[in-house]
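Heads up, the thing below is written out as structure tokens.
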There are 2 protein chains.
Amino acid sequence: MNRTTPAKRTTIYDLAELAGTSASAVSAVLNGNWKKRRISAKLAERITKLAEEQGYAVNMQASVLRRERSKIIGMIVPKYDNRYFGSIVEQFEVRARERGLFPIITCTMRDPELEVEAARTMLSYQVDCLIATGATDPDRIADLCAGAGVRTINLDLPGARAPSVISDNYGGALELTRRVLANCRREYGVKAPLFFVGGRGTDHNTMERVRGFRDAHAEAGIAVDEAMIQACGYAPEKAENAMRQLAARTSTLPRGLFVNSTISLEGVMRWIRYSGHYSDGMPHLGCFDWDPFVAMLGDHIEMARQDVPKMLEAVFGIIDSGAGDFSVVEVPPIIGGVD
Amino acid sequence: MNRTTPAKRTTIYDLAELAGTSASAVSAVLNGNWKKRRISAKLAERITKLAEEQGYAVNMQASVLRRERSKIIGMIVPKYDNRYFGSIVEQFEVRARERGLFPIITCTMRDPELEVEAARTMLSYQVDCLIATGATDPDRIADLCAGAGVRTINLDLPGARAPSVISDNYGGALELTRRVLANCRREYGVKAPLFFVGGRGTDHNTMERVRGFRDAHAEAGIAVDEAMIQACGYAPEKAENAMRQLAARTSTLPRGLFVNSTISLEGVMRWIRYSGHYSDGMPHLGCFDWDPFVAMLGDHIEMARQDVPKMLEAVFGIIDSGAGDFSVVEVPPIIGGVD
DNA sequence: AATTCATGCTTCATCGATTGAGCAAGCCTG
DNA sequence: CAGGCTTGCTCAATCGATGAAGCATGAATT
């Protein structure tokens, strides 16, 4: 099709020739600072019209190369398979565009190697700022960026070498656990510990949630055995497996579960449906994360919905203010049952 | 922090000086074609080591500016709020990286203006190829790209001026409708039409699904009234509203519904839960799209899961082969109940 | 000894946009 | 009418990477 005419793109030089002026004037007009450069309104208009007619589009590579700031903002994100990360990404894009920044996002499939690789690539593309969302090793990324003089902000999981914006995992888990314990007491009259399943025992969020989980039990005067806490990973299969193993070693299953993400919940629910256990009645569930369909699964479920708008507001607050301290902002999640 | 030392990035010139050689040699070594350029293995190794030590990263803007192909591949996508688009984006990234391409994705919030704006921006960033996913006006985008000599491929919704990869909407809807009709007949013994809700009446996919819906009814000898087809838009609120209106004008609600996306289903389910209707028993549902939690909502639901891996295989097949004809590839969705 | 050839580099123009410096013409001002 | 100021532009260097062309050096061939 276009093989014959390789569609040479219009440049400012082409426009300059057509307008009988210099590339410099064209550039000034097209990037809006023609007043500063004392270009007449007449010429400005002529150039603008020509550019439109010719379907001119700046070559960002050339433009970025010359300028000192690229106005590109990067984000790395683990997955796109749940509403939490989905809305983070959506809001990130909206807010970036509002500020005239160009967002580039890359998904690292929860692979630590890919995370670093992705960060490096983004630096190659001259991002002005990089948001590391749910990164396994945020400090490694912060170091990489510091070496290139690029700002980093951690989101969802905190780091020590850049400002962080996270959920109040402790507070959220504390309240969530309280509610599920109360639900169990109300319906079944039991005062037994819940089973904590999902997440990585090494990550900050999971540790904080476990702490909240423990404290809520302590408040209620319920002892929690080590075996009742299985941070087996986030994947559905892993959570499903943890449930299977739990069932294998206890005669009476717990009447309440604390599930550490919707993704893990996927596995838990699958197991509940197909294992035949809990046929005498659904256990009370608490899920640290929100999903609209989970909310419809029944009245036995409470969720902690992380407050994505507030979190992103905090992130861009840091960006806009240029704050440099490595503090951690904790945003309370919204706790509720079926909405 | 780095305010004092603006962290001047290392360039090939810096490395050249350190290695006592020329920038040209450094470039040749670092981008791998030093054999072609007859650089000695000794020098190559020295430069490589130095680059590593200095934490050198190519400036892609400069590199892309110079080369004729950018190896950047763009995708525009309507939303990240459902599993379908989420997995499209994930797989797109994986496959792009496999081919040494740099994926950039942008979400247009189903806004036709933003779609065009986003396409224009991507062209500015010199994408080699643009995938328009679920675009309202794919041909407009195709024209823009053609003007810049950039390939486009339509995904999810077809266009006339670029190759397209879509689901077999007709076939999927036909089979889905058949199953829901059969379920209704089995459980309730009724031979009444389903209610079609969600989607945009103007888009190809919805029209094809309506066609499948109609043909399945015709097969079963069931007449379908115009009012039973409400392509009211995708948003949950719109679907919820359509249900409300349906209930307001009929005395007996249909025993089966065809819901045109999980997003619309969100609204439908909400209405079912809170309106008080259907308290005598859930209607049989068919949903054109898949979600793991929807699959757990009960045994009254059938889903058409669009085959994302196959679709992306087709997309990259077209990219790899360089095919130029504007044909439409239709990939059959996977139909099933609770998985 | 003269010529050819391979090897291992360096030089320099180039991609397109940006911007500091500079220049010419017109207009005031004293 | 000389000197200064404003207006409206152009020139040319620059950002960093790339690759065609060219230039030494030494080895091989005639």
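Being a predicted model, the structure only gives us computed values, none of them experimental. Proteins come first, then strands; the chains are lettered A, B, ... in the order of their sequence lines, and each starts at number 1. These numbers come from the heavy atoms of this one structure, side chains and all, not from hydrogens, waters or symmetry mates.
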Can you give me every donor-acceptor pair (side chain of residues 38-46 of chain A, partner residue at least two apart or in another chain, under 3.5 Å) with its distance?
{"unit_1": "S40(A)", "atom_1": "OG", "unit_2": "L43(A)", "atom_2": "N", "d": "3.2"}
{"unit_1": "R46(A)", "atom_1": "NH1", "unit_2": "A19(A)", "atom_2": "O", "d": "2.8"}

Expressed in angstrom and rounded to an integer, what is the separation of [X] atom [atom1] from [N] atom [atom2]?
X: Q126(A); N: dT18(C); atom1: CD; atom2: C1'; result: 16 Å
X: Y125(B); N: dC15(C); atom1: OH; atom2: P; result: 22 Å
X: N33(A); N: dA17(C); atom1: CG; atom2: P; result: 14 Å
X: K42(A); N: dG8(D); atom1: NZ; atom2: P; result: 10 Å
X: R9(A); N: dT14(C); atom1: CZ; atom2: C1'; result: 17 Å
X: I39(B); N: dT18(D); atom1: CD1; atom2: P; result: 13 Å
X: L15(A); N: dT10(D); atom1: CG; atom2: P; result: 14 Å
X: K35(A); N: dC9(D); atom1: NZ; atom2: C1'; result: 17 Å

Selection from dT10(D), dG19(D), dG16(D) that lies nearest to any side-chain heavy atom of S22(A): dT10(D)

Axis bend over the full length of the helix from dA1(C)-dT30(D) to dG30(C)-dC1(D), computed from five pairs that close each end, to 10 degrees: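 Answer for the end axes of this duplex: 60°.
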
N/O (side chain, [X]) to phosphate O (OP1/OP2, [N]) under 4.0 Å:
X: T21(A); N: dT10(D); result: yes
X: S40(B); N: dC9(C); result: yes
X: K36(B); N: dA20(D); result: no
X: S27(A); N: dT18(C); result: yes
X: N31(B); N: dA17(D); result: no

Sequence neighbours left out, what passes side-chain hydrogen bond (donor to acceptor under 3.5 Å, both in side chains) with [X]? Give chain and number order.
X: E330(B); result: none
X: R120(A); result: none
X: D143(B); result: R161(B)
X: D203(A); result: T206(A), Y234(A)

Set of residues satisfying ring-ring contact (aromatic ring centres under 6.0 Å, His included) with respect to Y80(A), sequence neighbours excluded: Y80(B)

Test ring-ring contact (aromatic ring centres under 6.0 Å, His included) applied to Y84(A) - qualifying residues, sequence neighbours left out: none

Pairwise salt bridge (Lys or Arg N to Asp or Glu O under 4.0 Å) hits with a residue in residues 54-63 of chain A, at least two apart: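 As it turns out, there is no salt bridge (Lys or Arg N to Asp or Glu O under 4.0 Å) pair with a partner in residues 54-63 of chain A once direct neighbours are skipped.
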
Report each atom pair, protein N/O against N/O of nucleotides 21-28 of chain C, whose distance is under 3.5 angstrom.
none

Ring pair (Phe, Tyr, Trp, His ring centres under 6.0 Å) partners of residues 15-44 of chain A, not counting sequence neighbours, each pair once: none

Sugar-phosphate, base or nothing in reach of S24(A), heavy atoms under 4.0 Å: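 Base, at least one base atom sits under 4.0 Å.
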
Sugar-phosphate, base or nothing in reach of L43(B), heavy atoms under 4.0 Å: sugar-phosphate

Expected output: side-chain Q126(B) to main-chain V64(B) donor-acceptor under 3.5 Å: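 Side chain of Q126(B) to backbone of V64(B), a donor-acceptor pair under 3.5 Å: no, none is there.
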
Members of residues 44-69 of chain B that approach DNA chain C, where some heavy atom sits under 4.0 Å away: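 Listed by number, they are L65(B), R66(B).
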
Test side chain to side chain contact (heavy atoms under 4.5 Å, CB included) applied to T133(A) and I88(A), step by step: CA-CA 9 Å; T133(A) 308; I88(A) 284 180; 4.2 Å; yes

Closest contact, heavy atoms only, R37(B) versus S24(B):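 What the structure gives for the nearest pair is NH2-OG, 3.2 Å.
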
